[in-house]
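Data block below; observations after.
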Amino acid sequence: MIVFVRLFFAILKSRFRPRIGILDECLTSMRVWPNDLDLNFHMNSGRYVSMMDVGRMAILAQTRMLRQVLKRRWRPLVGATFIRYRRSLLPFERFTVRSRIACWDEKWLYFEHVLERRGEIVAHAYVRGLLRGRSGNVAPSDLLALAGMAGASSPEMPEAIARWRSLLES
């Protein structure tokens, strides 16, 4: 339930932030709450992934595309996640999720998420996701067209994503 509250506040805050482009980095600040903790009293590893979900929705909100996406009944789906945990987040610590679309192919959008605490990386992840509408998957080109970037080419796929992608497709 708390993730929905965070999502609501991230969307609300985005209305008061400058609009960003679809390929720009989106920053979402949060705090570790007691219900985010595991038995070791640091943030549960699954919560990191939930915070990245909030970061991806914040991209749509801050680009001012969320309403258009929801109007078309497109829903975000995750196909795979690759994450490296580097440091623990402790109770009540503030952290920032830096989210961006790194690249895309004909089916998938590849996101990069960096969770930071006071400039220190605590986790780094790549997420492969897409939007699904009533008639099936929405091609990244359709989302880009909605963003006013029809026909745009993907930035070069980072080597880490290319290697991860080849593992996923083998």
Side-chain angles (χ1 to χ4, degrees), residues 3 6-7 10-11 13-30 45-86 95-117 119-170:
V3 175
R6 285 185 167 131
L7 178 62
I11 291 169
K13 286 179 188 179
S14 72
R15 296 186 55 81
F16 300 101
R17 292 188 175 147
R19 183 182 198 154
I20 62 171
I22 193 75
L23 299 180
D24 293 338
E25 185 175 70
C26 181
L27 303 175
T28 309
S29 296
M30 297 181 235
S45 58
R47 285 290 197 196
Y48 286 79
V49 177
S50 294
M51 300 310 132
M52 293 183 298
D53 290 342
V54 173
R56 285 189 303 282
M57 291 302 288
I59 291 172
L60 287 175
Q62 204 167 342
T63 58
R64 309 296 190 257
M65 293 176 53
L66 183 60
R67 183 172 286 149
Q68 296 171 47
V69 165
L70 294 176
K71 185 174 144 185
R72 287 168 174 74
R73 297 184 189 230
W74 293 351
R75 301 289 183 252
L77 295 175
V78 170
T81 303
F82 178 80
I83 187 166
R84 178 172 181 229
Y85 302 97
R86 298 178 60 148
F95 64 97
T96 301
V97 181
R98 292 182 9 221
S99 305
R100 72 181 185 95
I101 296 174
C103 58
W104 59 87
D105 59 24
E106 55 284 336
K107 180 178 180 181
W108 299 100
L109 293 163
Y110 293 89
F111 296 87
E112 180 179 29
H113 297 283
V114 178
L115 283 79
E116 293 180 333
R117 170 191 53 215
E120 175 185 44
I121 296 175
V122 296
H124 183 220
Y126 295 110
V127 174
R128 178 165 96 164
L130 53 75
L131 295 169
R132 181 166 291 157
R134 292 182 210 175
S135 57
N137 296 339
V138 176
S141 58
D142 294 340
L143 178 66
L144 292 163
L146 189 62
M149 294 180 59
S153 297
S154 172
E156 185 175 335
M157 186 173 284
E159 179 63 26
I161 293 176
R163 289 175 35 207
W164 175 52
R165 181 180 175 221
S166 69
L167 286 172
L168 291 170
E169 294 175 359
S170 60

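- Here CG of Leu130 is found 14.0 Å from CZ of Arg75. Values are rounded to the nearest 0.5 Å.
- Heavy-atom minimum distance, Cys103 versus Met157: SG-CG, 3.7 Å.
- Contacts of Arg165 classified as salt bridge (Lys or Arg N to Asp or Glu O under 4.0 Å), with partners at least two apart in sequence or in another chain: Asp105, Glu106, Glu169.
- Here the CZ atom belonging to Arg86 is positioned 11.5 Å from the CZ atom belonging to Arg117, to the nearest 0.5 angstrom.
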Please list, one pair per line, the donor and acceptor atoms closer than 3.5 Å that link side chains of residues 132-149 to other protein atoms, with sequence neighbours excluded.
residue : atom : partner : partner atom : Å
Arg132  : NE   : Asn137  : OD1          : 2.8
Arg132  : NH2  : Asn137  : OD1          : 2.9

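- When the side chain to side chain donor-acceptor pair (under 3.5 Å) test is applied to Arg128, no partner is found at least two apart in sequence or on another chain.
- Residues forming a ring pair (Phe, Tyr, Trp, His ring centres under 6.0 Å) with Tyr48 (at least two apart in sequence, or on another chain): Tyr85.
- In this structure, CZ on Arg6 lies 9.0 Å from OG on Ser50, to the nearest 0.5 angstrom.
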Side-chain donor-acceptor contacts of residues 15-27 below 3.5 Å, not counting sequence neighbours, with atom names and distances?
residue : atom : partner : partner atom : Å
Arg17   : NH1  : Leu27   : O            : 3.1
Arg19   : NE   : Thr63   : O            : 3.2
Arg19   : NH2  : Thr63   : O            : 3.3
Asp24   : OD2  : Gly21   : N            : 2.7
Glu25   : OE2  : Arg98   : NE           : 3.0

- Task: Walk me through it: do Met52 and Thr81 pass the test side chain to side chain contact (heavy atoms under 4.5 Å, CB included)?
- Result: CA-CA 10 Å; Met52 293 183 298; Thr81 303; 4.1 Å; yes
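- Residues meeting the side-chain contact (heavy atoms from CB on, under 4.5 Å) test with Tyr126, sequence neighbours left out: Phe82, Glu112, His124, Ala160, Ile161, Trp164.
- The two atoms that bring Val3 and Met51 nearest to each other are CG2-CE, 4.4 Å, heavy atoms only.
- How far CG of Leu115 is from OG1 of Thr96: 8.5 Å, rounded to the nearest 0.5 Å.
- Residue pairs meeting the salt bridge (charged side-chain N to carboxylate O under 4.0 Å, His left out) criterion with at least one member in residues 54-67, sequence neighbours excluded, are Asp53-Arg56.
- At a threshold of 4.5 Å between non-hydrogen side-chain atoms, the residues Arg100 and Val114 do not count as touching.
- For the salt bridge (charged side-chain N to carboxylate O under 4.0 Å, His left out) condition, no pair includes a residue of residues 152-163, sequence neighbours left out.
- Applying the side chain to side chain donor-acceptor pair (under 3.5 Å) criterion to Ser99, with sequence neighbours excluded, gives His113.
- When every heavy atom of Thr28 is checked against every heavy atom of Gly55, the shortest pair comes out as OG1-CA, 4.1 Å.
- The minimum heavy-atom distance linking Leu66 with Ile11 is given by the pair CD2-CD1, 3.6 Å.
- Note: Trp104 CH2 to Leu109 CG = 8.0 Å, rounded to the nearest 0.5 Å.
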